[in-house]
Asks: 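First the structure, which I've put down as structure tokens, then a few questions once you've had a look.
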There are 2 protein chains.
Amino acid sequence: MTESERVPAERKRRRPTSSGVVLSADLIVDAARDLIDSQGAQAFTVRKLGAALGADPSAVYRYFRNTEDLLLALADRLIGESMAGFGPSGDWGADLRELGLRAYRSALRHPQIAAFSTIRVTGRPHEQRVVDTGVGLLLGAGFDEATAVRHYHALVDTALGHAALDAGVLRLAPAQRAADEQAWQDRYGSLPADEYPNLHRVREQLPLMAASAVERALDLLVAAMRREAVDRGAAESGATEREAADRVAGEGAERAG
Amino acid sequence: MTESERVPAERKRRRPTSSGVVLSADLIVDAARDLIDSQGAQAFTVRKLGAALGADPSAVYRYFRNTEDLLLALADRLIGESMAGFGPSGDWGADLRELGLRAYRSALRHPQIAAFSTIRVTGRPHEQRVVDTGVGLLLGAGFDEATAVRHYHALVDTALGHAALDAGVLRLAPAQRAADEQAWQDRYGSLPADEYPNLHRVREQLPLMAASAVERALDLLVAAMRREAVDRGAAESGATEREAADRVAGEGAERAG
DNA sequence: AGCTTGTGTCAACGGTGTTGACGTAACCTG
DNA sequence: CAGGTTACGTCAACACCGTTGACACAAGCT
């Protein structure tokens, strides 16, 4: 885990800090996550991290090249956590939806990280595991390699994109969020029917926009993929489909351990 | 435009700076955009902005409360620019796709701005115009009010979400981007077939993931909406039941507060 | 002409990430 | 059990950052 330390070799000389803590890459990642969770996103600082660890801030640089490197390691850990306990149900469409939702939720749980690091391909083990699973679901559904990759990409990026979007709302201070919402209602609440006829017509439905659209977007994506799979299945014979699905299911069970 | 100045009143005493430039909110927004466009996102700094303007950095605070206020004003301008020249073609699906793509492109054109400003509802005229147009397209396609709002929301948020995602890549310096891509290929290029069977199988298609998935996602969304519209048209009487079910299902996904 | 005051400038504060030098303690060798 | 290497924690410093309060001055009004 957390492979990209500054010095990739295993550590032997584990000297405790002045406060007695024995540092490690994992411990630092833990502290970073706790800091972000408890203090809020903008409270994350190398100096505060050092204080939370009971160590000099610069000690972090013995383990990570820079803060971004550290945040990437944190992002990968979150990916792993979000997928804990996930196992294919047999319905590839529902599984893909679940996969996207899990990515969304975990990204959203840590707004700062979501807005900053879901944008990067971490390329780390947890991420690779998820990609393998997701692509496997689509291959099992009968899509060819290129289409499976493209559809997986569209689905996951959509989930993460919504997360990045919604994370921004969470990053706002509560007071400002309330003010924003009020301003929104003020502006959209009373619309001139002649100038904005469509907005006027749907004015009673506009509060629907306050909720995240991620589930709806995922539903639509999966629906489109399902339809496409059915069309493909009608054209060819669906014999291969069941075999591949079995392969995916077996792999998911193995991952849990 | 640019409404949220520190002092909303119109300015009268326009004293030139030491370098002879006469400041204004618009001029500052212009300079900020030029700076971001030319120097890159992370080059944006109040101090550098001051230098680019030929003024003391603190002069900016006579026009905007803080940097975020300034960037919001900039975001507002971009919304207007992105929709310039848009006109419905008659194919509502294609128009919706175009609407989403325009939102995506304009957000992406200024990565730094996209990363944080797509999260805010500006509630200003430009935005209202876009919402009215998009909802109108869906109403014209035969969707009821609630569905039109929800589908518009899903489409636009997906486009903006992808923009926020892809903007992160653009925010990286070119050298780092290349290094990232190389690292990505190294990690995903040679994966053990036994551990990652699906990734191994699609390994030749993985470069497809380097490109943005926004068009593919929009295509899938529009395809799903088209299919739904056809179904609704075919069985007009059964619409009410499905609608009620939708409303119940949609209530679970509120943004966390 | 004189007064008010808006506005540009200056200096400063308290932060930030990051680095290079340094000492010391932990491990390896003998 | 002694000595040497050196990894790693610490310290001080650098170059930035956003933001603010005091100040000077010129624009505009009376």
Asks: Whole Å only: how far is the CG atom of Leu23(A) from the P atom of dA26(C)?
Replies: 13 Å

Asks: Just to confirm, is there a sub-4.0 Å distance from OP1 or OP2 of dT7(C) to any side-chain nitrogen or oxygen of Tyr61(B)?
Replies: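 Tyr61(B) to dT7(C) OP1/OP2: no side-chain N or O under 4.0 Å.
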
Asks: Which comes earlier along DNA chain D counting from the 5' end, the contact point of Val46(B) or that of Pro16(B), where each point is its nearest nucleotide?
Replies: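 This one resolves to Val46(B).
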
Asks: Within the distance-only criterion (no hydrogens, no angle test), does the side chain of Ser82(A) pair as donor or acceptor with the backbone N or O of Ala103(A) below 3.5 angstrom?
Replies: no

Asks: Counting side-chain heavy atoms from CB outward, which of dT19(D), dG9(D), dC11(D) is closest to Ala59(A)?
Replies: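 The closest nucleotide is dG9(D).
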
Asks: Has Ser18(B) got a side-chain N or O lying under 4.0 Å from the OP1 or OP2 atom of dT9(C)?
Replies: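 Answer is yes, contact under 4.0 Å.
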
Asks: Specify the closest pair of heavy atoms between Asn66(A) and Tyr61(A), including all atoms of both residues, with the distance to one decimal.
Replies: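 Asn66(A) and Tyr61(A) have their closest heavy atoms at CA-CE2, 3.9 Å.
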
Asks: Looking at every non-hydrogen atom in both residues, tell me the closest pair between Leu221(B) and Leu155(B) and how far apart they are.
Replies: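 Reported closest heavy-atom pair: CD1-CA, 4.1 Å.
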
Asks: Whole Å only: how far is the CG atom of Leu71(A) from the P atom of dG17(C)?
Replies: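 One finds 10 Å between P of dG17(C) and CG of Leu71(A), rounded.
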
Asks: Please report the distance, rounded to the nearest Å, between OH in Tyr63(B) and P in dG6(C).
Replies: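 Taking OH of Tyr63(B) and P of dG6(C), I get 13 Å after rounding.
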
Asks: Of all the choices, dA7(D), dT18(C), dT7(C), which nucleotide is nearest to the side chain of Asn66(A) once you look at every atom?
Replies: dT18(C)

Asks: Name the closest nucleotide to the Arg15(A) side chain, picking from dG23(C), dA12(C), dC25(D).
Replies: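 Among dG23(C), dA12(C), dC25(D), the one nearest the side chain of Arg15(A) is dG23(C).
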
Asks: Do Arg62(B) and dG6(C) have a side chain to base donor-acceptor pair shorter than 3.5 Å?
Replies: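 Looking at the base of dG6(C), it does not pair with any donor or acceptor on the side chain of Arg62(B) (distance under 3.5 Å).
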
Asks: Grab the CZ-P distance between Arg47(A) and dA12(D) for me, whole Å please.
Replies: 13 Å

Asks: Using a heavy-atom cut-off of under 4.0 Å over every strand shown, decide if Ser58(A) touches base, sugar-phosphate, or nothing.
Replies: base

Asks: Pick the nucleotide of DNA chain D nearest each of Asp56(B) and Pro57(A); which residue has the one closer to the 5' end?
Replies: Pro57(A)

Asks: Below 3.5 Å, does any donor atom in the side chain of Arg14(B) face an acceptor in the base of dG6(C), or the other way round?
Replies: no

Asks: Rounded to whole Å, how long is the line connecting atom CZ of Phe64(B) with atom C1' of dT7(C)?
Replies: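 These atoms are roughly 15 Å apart.
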
Asks: For Asp69(A) and dT18(C), give me the distance from atom CG to atom C1', rounded to whole Å.
Replies: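 Between C1' of dT18(C) and CG of Asp69(A): 14 Å.
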
Asks: dG9(D), OP1 or OP2 - any side-chain N/O from Thr17(A) closer than 4.0 Å?
Replies: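 It does not, given that no N or O in the side chain of Thr17(A) lies less than 4.0 Å from OP1 or OP2 of dG9(D).
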
Asks: Given dT19(D), dT18(C), dT16(C), which nucleotide is nearest the side-chain atoms of Lys48(A)?
Replies: dT16(C)

Asks: Please find the pair of heavy atoms, one from Asp132(B) and one from Leu199(A), that lie closest to each other, and give the distance.
Replies: OD1-N, 2.8 Å

Asks: Provide the closest heavy-atom pair for Leu218(A) versus Leu101(A) in the form atom of the first, atom of the second, distance.
Replies: CD1-N, 3.8 Å

Asks: Between Ile28(B) (CD1) and dG8(C) (C1'), how many Å, whole number?
Replies: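 My rounded result for the distance is 11 Å.
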
Asks: Choosing from dG18(D), dC8(D), dG8(C), which nucleotide comes nearest the side chain of Thr67(B)?
Replies: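 Nearest nucleotide to the side chain: dG18(D).
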
Asks: In this structure, which one of Val46(B), Leu49(B), Val60(B) forms a side-chain contact (heavy atoms from CB on, under 4.5 Å) with Thr67(B)?
Replies: Val46(B)

Asks: Write down the distance between CG (Leu70(B)) and P (dT19(D)), rounded to a whole number of angstrom.
Replies: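 Distance, rounded to whole Å: 10 Å.
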
Asks: Looking across every strand, which nucleic acid part, if any, lies under 4.0 Å from Ala55(A) by heavy atom: base, sugar-phosphate, or nothing?
Replies: sugar-phosphate

